[in-house]
Amino acid sequence: MKHNLRTIPFFSDLDDNVLEAISRRLQREHYHKGAAVFLEDEPGDCMYLIESGQIKIVSEKASQEKIFNYLGPGNFFGEMAVLLGDRRSATARVVIDADLLVLRKNDLDELLETHPQIAVLMTQELGRRLVRSNTAATVRDEFNIVTILGTAAPTLARHLAQVTGEDVYILDLGGLANTTLDPITLQLAHVRLVRGDNILDPEGLANRLSKLVEQYYWVFLSVAPYETPLTLKAMELADITLQIGGKEPNWLRTTMSKGFWRTEDNDAALRRTARRICQRLVGIALSSGNARGMAHIGVLRVLEEESIPIDMIAGTSAGAIFGAMYAAGRTVDEMIQFSAGVQRQYSFLTGFRYWDFRLPPRSGLIKGDMVLNYLRKWVKNKSFDQLSIPLYIVATDLVSGEEIVFDRGPVAEAMRASMSVIGILEPAHVAGRYLIDGGSVNPVPTQLLVDKGISIILASNVIPGLEERLHRRELKREGKLPNVVGILMGAMEIMESEIIKSRMGAVDVLIQPDIERYGTMEYDKYGEIIKRGEEAAREQIANIRQRLAPRPRPPLTATL
């Protein structure tokens with residue numbers, strides 16, 4: 001054991017007699033992934049040295065886990081409770097199967113008394129940790145160890161390296177045995193591929209992995225697509241297991257209880273998966289806004305032209321309409337074609353084919369069945385699980401006032417519910433609820449994206465604030481009172497502008513088209529409105545790129 005201690009940086013400069021004294025008092029304990037070495041608030045009667053494996057130091061008191069540090073071989077932890085005679089200030093949980101050397105309090109007291117140089121080393125190390133803890137943010141849990149079934153692991157690794165600016169290590173455990181790869185090409189892409197032919201023992205994999213994560217943030221374990229002890233161990237040690245393409249084998253269904261992802265084997269899906277792994281997914285919230293909502297088309301056009309990825313869309317009312325079309329695969333040009341026809345379809349004189357009037361009116365002027373059929377055409381009658389981009393649509397329960405979020409079922413029904421302006425369209429009757437315009441509760445649903453795990457939040461907001469509405473006095477038509485539809489839309493807009501102040505969550509980049517000069521029903525100005533969306537998006541491209549830029553980080557163990 002003395003020789004093993006010499007390889008640990010903390011002990012490397014100690015004399016042989018000191019190492020001998022320490023080694024006589026140490027006891028080795030083995031912990032499997034997920035096990036708690038100790039829990040927060042427990043009494044502390046020993047400290048630990050990490051021989052192999054990885055430990056994370058966390059607080060699990062709150063509803064969301066707060067991670068303070070990741071520790072690998074050569075690190076020690078749990079010493080403060082022992083030295084101060086206090087309770088544990090955090091929980092130590094195993095990330096990779098770990099061999100720990102345990103030193104009890106009585107033994108530590110004797111060592112510090114007879115070999116004071118140990119106390120000096122501990123003081124120096126604790127001082128370094130204190131400096132780092134004062135300058136480093138709380139570490140976020142990441143999926144930095146990924147077990148992969150499928151031969152596209154190198155392609156995914158290239159995309160991950162591009163997104164993060166960090167090297168990716170692939171340990172081939174049989175998954176790439178029949179795949180020919182150019183190591184120089186991979187090296188240029190910041191991907192290192194190493195064949196693990198010498199790893200046959202599952203426990204040997206844990207030891208190898210604990211050393212790899214000291215050098216690399218991202219480690220892929222490429223395994224054979226059949227059940228072996230080594231494959232099962234790789235899946236156990238990983239943060240997630242990812243199947244790329246192909247049909248999920250029966251043995252995998254019975255083995256995986258959590259942490260299993262699946263993605264298609266195409267470039268777009270792999271790029272999105274890379275962003276998901278490093279928690280750099282990009283989402284956009286599209287606000288309500290009636291005619292002004294057509295500016296969202298211009299925003300989407302610019303993002304597409306500038307190759308800004310969109311991994312998720314959340315939309316309310318007009319934002320739900322155009323977000324759903326885009327997620328359903330409609331092109332920007334097709335969405336412009338839709339906008340060009342809206343003025344004719346919304347006119348009570350020329351749009352009679354699209355209106356099923358309720359006479360006499362009860363809960364709305366329009367019944368809405370024809371609108372629903374029309375929307376089905378524009379989203380190709382798709383359900384949420386058939387969309388190319390994950391989509392969430394917001395509506396409001398008229399009776400309870402609850403926010404209702406659609407993420408399953410027919411997309412057109414969700415669109416119809418979200419755009420049901422009270423007094424105009426009858427409330428949509430869905431699953432026993434009567435639903436109206438989502439702008440009544442959440443006009444710009446950014447927080448929804450946060451809740452769904454999106455890290456980079458974009459928002460396109462076309463609802464003018466009260467200040468902008470006051471400015472419109474110069475633009476209003478003299479002496480002309482809006483019609484009943486205009487009055488209802490205007491009242492809704494005033495309410496939404498106030499809701500935004502309290503409901504719109506954190507936003508990384510806010511795109512706010514200059515559309516306050518346009519009325520809520522000026523659908524004939526679609527060309528100008530779309531152009532305003534393009535202009536506003538272009539102004540923010542530099543900010544968006546800055547949020548997307550790779551940000552390499554120091555090693556995991558350097559942040560305490």
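Heavy atoms only: backbone and side chains are in, while hydrogens, waters and symmetry mates are out.
The distance from the CD1 atom of Ile515 to the CD1 atom of Ile463 is 9.0 Å, given to the nearest 0.5 Å. Residue Leu286 holds its CG atom at 10.5 Å from CD1 of Ile297, rounded to the nearest 0.5 Å. Here Leu372 contributes atom CG and Lys377 contributes atom NZ; the two are 14.5 Å apart, rounded to the nearest 0.5 Å. Distance NE2/His190 to CG/Asp167: 6.5 Å, rounded to 0.5 Å. Taking CG from Leu391 and CG from Asp385, the interatomic distance works out to 12.0 Å, rounded to the nearest 0.5 Å. Annotation: the span from Trp218 atom CH2 to Ile170 atom CD1 amounts to 14.0 Å, rounded to 0.5 Å.
With hydrogens and angles ignored, the 3.5 Å screen pairs a side-chain donor or acceptor of Asp239 with a backbone N or O of Asn144. Of the possible donor and acceptor atoms, one in the side chain of Ser420 sits under 3.5 Å from a partner among the backbone N and O of Arg416.
Tyr169 meets the ring pair (Phe, Tyr, Trp, His ring centres under 6.0 Å) test with Tyr216; sequence neighbours excluded. Every side-chain contact (heavy atoms from CB on, under 4.5 Å) that Ser400 has, sequence neighbours left out, goes to Asp397, Glu402, Arg433. Listed by chain and number, the residues in a side-chain contact (heavy atoms from CB on, under 4.5 Å) with Val430 are Phe406, Glu413, Ala428, Leu435 (sequence neighbours excluded). Partners of Val163 by side-chain contact (heavy atoms from CB on, under 4.5 Å), not counting sequence neighbours, listed by chain and number: Arg275, Cys278, Arg280. Under the side-chain contact (heavy atoms from CB on, under 4.5 Å) criterion, Glu304 pairs with Tyr326, Val332, sequence neighbours left out. Qualifying ring pair (Phe, Tyr, Trp, His ring centres under 6.0 Å) partners for Phe384, counting only residues two or more places apart in sequence or in other chains: none.
Checked by atom type, the side-chain pair Asp333/Gln337 shows no donor-acceptor distance below 3.5 Å.
When all heavy atoms of Gly533 and Val299 are compared, the closest pair comes out as O-CG2, 3.5 Å.
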